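In what follows, chains are A, B, ... by sequence order, proteins preceding strands, each numbered from 1. Everything numeric in this text was worked out from a predicted model, so none of it was measured. The figures that follow rest on heavy atoms only: side chains count, while hydrogens, waters and symmetry mates do not.
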Number of protein chains: 2
Amino acid sequence: MIRLFLAEDQTLLLGALARLLQLEPDIELLGQAADGHSARQGILDQQPDMVLSDIEMPGLTGLELAEWLQQEQPQVKVVILTTFARPGYLRRALEAGVRGYLLKDTPAGQLADALRRIQRGERVIDPELALTAFDSKNPLNGRERQILRLAGSGLGNADIGQQLHLAEGTVRNYLSEAISKLDAGNRIEAYRIARDQGWL
Amino acid sequence: MIRLFLAEDQTLLLGALARLLQLEPDIELLGQAADGHSARQGILDQQPDMVLSDIEMPGLTGLELAEWLQQEQPQVKVVILTTFARPGYLRRALEAGVRGYLLKDTPAGQLADALRRIQRGERVIDPELALTAFDSKNPLNGRERQILRLAGSGLGNADIGQQLHLAEGTVRNYLSEAISKLDAGNRIEAYRIARDQGWL
DNA sequence: GCTCCCGGATGACATTTGTCACCCGATAAA
DNA sequence: TTTATCGGGTGACAAATGTCATCCGGGAGC
């Protein structure tokens, strides 16, 4: 019997998955949550064997949740379920010791099956990603990430400097460095590249 | 009996919804598709009463599908199901005569119910959006949209001009106009604003 | 002690981006 | 026919962005 906890912020999918998985005789759904913080609380309360979690959730992301579980409740098996085939996400997930990484365009029929294989001790990585896993690691350091995120949201160098208590020139330097590391032509392109790789 | 066709590109959700709705005694699922073109073909083949469709799909978007149905098969009731609470999307959907506009974070239990109300002739708009519907119309013209999209993808003025066979200065003019219409500080901010409103 | 490296800052410079006023030719309205 | 209007273009200028070389004040390592 798989004692499962579900974390997914898209209510419709959360509900649909809940009902679907409950139909499986060997899965017991202990609880569900629509954001990271209540997921963490729910897991503490219910002590499930396995957690199936989205990545992008309000409050606490699925990756942060996985990292926390690795520290605090390492016996809980974490399975990530996400839309995004971003190498950086997968890498970070694996480093957090997750047992599975599935994409939301997996056929619905295969989901319960994947969970069973994971329960047996297998590690299940979506084939689309298995390859791209270890070819590219994040070249950006903390500052560069931080600044690129802000730049991507439309702030100018001066604004960014303000927020981070840095001189405008310094911001320019970091951004320039990021642009060149990512082999982009300007901040916008750099932002897109980094985001699509899951490096932000 | 509701004779339903489902179009949704996220396979997992498509499958989950299909199974869920099939459990309803008064819903008959005639078919499903994971992209716009096969949805159109499926609808032609199956002649459903109602289509439940995502917006962002490969090939043909749900909005384009709705517009096409309005022309070609106006007796088919269209219901949009999307993640995005963008006023521009809703506006366009309404202009295409859709009967319902639901968000993917509707509770799963309410979905079948909403479909039934629509079948009876009601129009169901997600309450979160019902208000914002007619307060803001897209201030951008075709050129501005086009150029803003390209700018948002990281191209510079020169590249954009190249692609569109326009002088660089002209591109700058359009972009400047768009920035001021959207009350933004630069192209990035303008892009975000427009995208979030569903104006691209 | 003395290096060497690192985060951060400067200054100088070239390029790109944003703003504005104005021009041109075609088309539509009077 | 004359006049608006519109899509597109130019030129000039200011501001923001991108690139570099260089500098400074700590540590960390020897």
Side-chain angles (χ1 to χ4, degrees), chain A residues 64 67 88 91-92 95 136-200, chain B residues 88 91-92 95 136-200:
Chain A
E64 288 161 346
E67 282 153 7
R91 168 181 293 262
R92 192 168 155 201
E95 276 159 12
S136 57
K137 55 173 169 295
N138 192 339
L140 303 174
N141 64 35
R143 269 298 194 218
E144 287 159 358
R145 275 206 301 281
Q146 201 180 20
I147 288 178
L148 199 49
R149 263 198 302 266
L150 294 176
S153 80
L155 303 206
N157 294 330
D159 312 282
I160 298 176
Q162 196 91 30
Q163 284 205 22
L164 266 45
H165 310 291
L166 290 177
E168 183 188 335
T170 308
V171 174
R172 282 221 296 282
N173 289 153
Y174 280 113
L175 225 23
S176 176
E177 185 61 20
I179 290 169
S180 108
K181 278 182 180 175
L182 297 174
D183 199 25
N186 58 50
R187 57 183 62 203
I188 311 181
E189 205 185 336
Y191 176 75
R192 306 220 111 187
I193 292 173
R195 184 169 48 60
D196 291 351
Q197 294 291 324
W199 287 340
L200 291 183
Chain B
R91 169 181 294 262
R92 193 168 155 202
E95 276 158 13
S136 56
K137 55 173 167 301
N138 192 338
L140 303 174
N141 64 34
R143 269 297 193 218
E144 288 159 357
R145 274 205 304 280
Q146 202 179 19
I147 289 178
L148 199 50
R149 263 198 303 264
L150 293 177
S153 80
L155 300 227
N157 294 330
D159 313 281
I160 298 176
Q162 196 90 30
Q163 284 206 20
L164 267 43
H165 310 292
L166 291 177
E168 183 187 334
T170 308
V171 173
R172 283 221 294 284
N173 288 337
Y174 279 114
L175 225 22
S176 175
E177 184 61 20
I179 290 169
S180 107
K181 278 183 180 175
L182 298 174
D183 199 26
N186 58 49
R187 58 182 63 203
I188 310 181
E189 204 186 336
Y191 175 75
R192 307 219 112 190
I193 292 172
R195 183 170 47 63
D196 291 351
Q197 295 290 325
W199 286 340
L200 290 183

Please report the interatomic distance [atom1]([X]) to [atom2]([Y]), rounded to the nearest 0.5 Å.
X: K181(B); Y: N141(B); atom1: NZ; atom2: CG; result: 5.0 Å
X: T170(B); Y: I160(B); atom1: OG1; atom2: CD1; result: 12.0 Å
X: L200(A); Y: L148(A); atom1: CG; atom2: CG; result: 5.5 Å
X: I188(A); Y: I193(A); atom1: CD1; atom2: CD1; result: 12.0 Å

Original post:
Partners of R143(A) by salt bridge (Lys or Arg N to Asp or Glu O under 4.0 Å), sequence neighbours excluded?
Top reply: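 R143(A) satisfies salt bridge (Lys or Arg N to Asp or Glu O under 4.0 Å) with no other residue.
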
Subject >> For E189(A), all residues meeting salt bridge (Lys or Arg N to Asp or Glu O under 4.0 Å), sequence neighbours excluded >> reply: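 Not a single residue meets the salt bridge (Lys or Arg N to Asp or Glu O under 4.0 Å) criterion with E189(A).
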
Subject >> Interface with DNA chain C, restricted to residues 166-178 of chain A and to heavy atoms under 4.0 Å >> reply: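 Close to the strand are L166(A), A167(A), G169(A), T170(A), R172(A), N173(A), Y174(A).
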
Original post:
Can you list the residues that meet the side-chain hydrogen bond (donor to acceptor under 3.5 Å, both in side chains) rule with Q162(B), with sequence neighbours excluded?
Top reply: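 side-chain hydrogen bond (donor to acceptor under 3.5 Å, both in side chains) check on Q162(B) returns nothing, list empty.
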
Original post:
If you walk 5' to 3' along DNA chain D, what is the first nucleotide with an atom under 4.0 Å of a heavy atom in chain A, and what is the last?
Top reply: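 Nucleotide range with atoms under 4.0 Å of chain A: dT17(D) to dC20(D).
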
Subject >> Atom-pair distance (CD on E189(A); P on dT17(C)), nearest Å >> reply: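 It works out to 11 Å between those atoms.
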
Original post:
Could you give the CD1-to-C1' distance, from I179(B) to dC20(C), as a whole number of Å?
Top reply: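 To the nearest whole Å, that distance equals 14 Å.
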
Side-chain donor or acceptor of [X] paired with backbone N/O of [Y] under 3.5 Å:
X: N157(B); Y: V171(B); result: no
X: N186(B); Y: L155(A); result: no
X: D159(A); Y: G156(A); result: yes

Subject >> Within residues 140-164 of chain B, residues whose heavy atoms come under 4.0 Å of DNA chain D >> reply: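 Those residues whose heavy atoms fall under 4.0 Å from DNA chain D, taken from residues 140-164 of chain B in numerical order, are R143(B).
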
